[in-house]
Amino acid sequence: MKFVTLTIFPELLQSFWDNGIMRRATAEGIIAPQAINIRDFAAGRHRTTDDRPYGGGCGMVMKPEPLAAAIREAQKAAPNAPTILLSPQGRRFDQQMAKTLSRYTGLILVCGRYEGIDERIGERFVDFEISVGDFVLTGGELPAMVLMDAVTRLLPGALGNEDSAGQDSFEDRRLDYGHYTRPPEFEGRKVPDVLLTGHHEDIAKWRRADALMRTLARRPDLLRQTPLDEEDTALLEEWRREIEKLIRSQGGGGPGPSPGGG
Ligand code: 4FV
């Protein structure tokens, strides 16, 4: 997978590529990251890449000419790659989108700075825009790194053990179960006993229940996105019975007004 990244701060990306899974994936030829410095395509003694906005207002806008030349250079390096602009106006990035992008042979990532890039670059060159969230950053480099990280770990061979990407959070629209390692007791807090039993079936059941409970408590929206399978339905039914028993035991829930007068 080629990652051709357009930026005025290539050093920001280099340190990201020189470490961890990105470094190993590069060494093993799983990814081929490349930074193109937009300033190399800017004219004039100061090689200016930004200018004042038409219509006035604060901040600066990235000029179209250096961007267009840099994108053409990138498209020569990765002819079949979609050109993606990272911006708050884009479609929200998520695990599903990471999987879709991981099927391309290359991606051209345009990292804006200042108030953004000249709109005509988007119209002429950009295949789609991606946002990493409803907040405003100082540049598109961090979003580009988020995207490259999430995509790279889905590529065959990138993660040491193949199946770990398969058990990802959000893989099946569930948050991840809790992870524990030695020591079995830390500052008075124990590891759940079942995890020390080596009983794989019980451990798998506990992990499923833990992931479901955490998803129910923290991200119920995710549960509504996929049909519940039998096992999850049975678990939820069991918890509902427990909850109803608890409420009844507190005198609530029966016919007539509950103690709270609600
Ligand atoms: C952003 C985001 C983001 C906007 C102006 C860079 C900044 C500045 N990109 N998801 N959220 N970009 O805030 O992707 O040029």
Side-chain angles (χ1 to χ4, degrees), residues 21 88 90-103 128 130-135 143 146-147 149-262:
I21 287 181
R91 267 185 51 212
R92 176 64 71 83
F93 185 64
D94 63 9
Q95 193 66 11
Q96 251 15 68
M97 193 187 286
K99 279 177 83 168
T100 306
L101 294 175
S102 70
R103 299 190 189 104
F128 44 91
I130 294 177
S131 170
V132 291
D134 296 344
F135 43 83
V146 165
L147 185 152
D149 191 293
V151 168
T152 297
R153 58 188 300 290
L154 295 173
L155 300 173
L159 290 183
N161 46 19
E162 270 328 295
D163 62 350
S164 59
Q167 290 166 19
D168 270 344
S169 297
F170 308 109
E171 189 58 36
D172 51 1
R173 297 260 185 278
R174 295 281 183 284
L175 297 183
D176 213 354
Y177 50 78
H179 296 276
Y180 299 82
T181 187
R182 287 178 295 190
E185 180 158 347
F186 173 71
E187 294 184 358
R189 295 168 181 276
K190 290 179 178 298
V191 170
D193 295 338
V194 64
L195 299 179
L196 308 175
T197 61
H199 192 293
H200 297 302
E201 222 175 291
D202 289 355
I203 290 168
K205 199 166 182 305
W206 179 87
R207 284 176 168 170
R208 172 190 273 269
D210 192 55
L212 183 61
M213 176 60 83
R214 285 148 72 98
T215 310
L216 181 64
R218 303 177 192 189
R219 293 289 310 279
D221 58 297
L222 289 173
L223 292 179
R224 284 190 283 276
Q225 289 174 21
T226 48
L228 294 169
D229 63 18
E230 267 160 45
E231 242 179 298
D232 283 349
T233 304
L235 271 170
L236 290 166
E237 293 284 3
E238 189 188 319
W239 295 338
R240 174 167 51 190
R241 282 192 296 279
E242 285 305 316
I243 292 167
E244 282 165 354
K245 238 189 310 181
L246 174 66
I247 291 169
R248 272 200 301 283
S249 71
Q250 310 271 340
S258 66

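Numbering starts at 1 and runs along the sequence shown. Computed from a predicted model, the values in this text were never measured in an experiment.
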Note to self: side chain to side chain contact (heavy atoms under 4.5 Å, CB included) for R174 and L223? Distances and angles first, verdict last.
What the structure shows: CA-CA 7 Å; R174 295 281 183 284; L223 292 179; 3.5 Å; yes
Presence of salt bridge, [Y] and [X], under 4.0 angstrom:
| X | Y | answer |
| --- | --- | --- |
| E242 | K245 | yes |
| E237 | R240 | yes |
| R214 | D176 | no |

Item checked: side chain to side chain contact (heavy atoms under 4.5 Å, CB included) evaluation trace for L147 with M97 -> CA-CA 9 Å; L147 185 152; M97 193 187 286; 6.0 Å; no
Is atom [atom1] of [X] surrounded by more than 12 heavy atoms (other residues, nucleotides or ligands) closer than 6.0 Å?
| X | atom1 | answer |
| --- | --- | --- |
| E201 | CD | no |
| R189 | CZ | no |
| Y180 | OH | yes |
| H200 | NE2 | no |
| D229 | CG | yes |

Notebook entry, point to check: Any idea which heavy atoms bring P183 and V191 closest together, and the distance?
Noted result: O-CG2, 3.9 Å
Notebook entry, point to check: Judged by atom type as modelled, is there a donor-acceptor pair below 3.5 Å linking the side chain of T215 to the main-chain atoms of L175?
Noted result: yes
Item checked: Flag, side chain of R153 to backbone of L159, donor-acceptor distance under 3.5 Å -> no
Next item on the list: For residues V194 and H199, determine if any side-chain heavy atom of one lies less than 4.5 Å from a side-chain heavy atom of the other.
Entry: no
Checklist line | Evaluation steps, side chain to side chain contact (heavy atoms under 4.5 Å, CB included), between Q96 and R173 | finding: CA-CA 10 Å; Q96 251 15 68; R173 297 260 185 278; 3.6 Å; yes
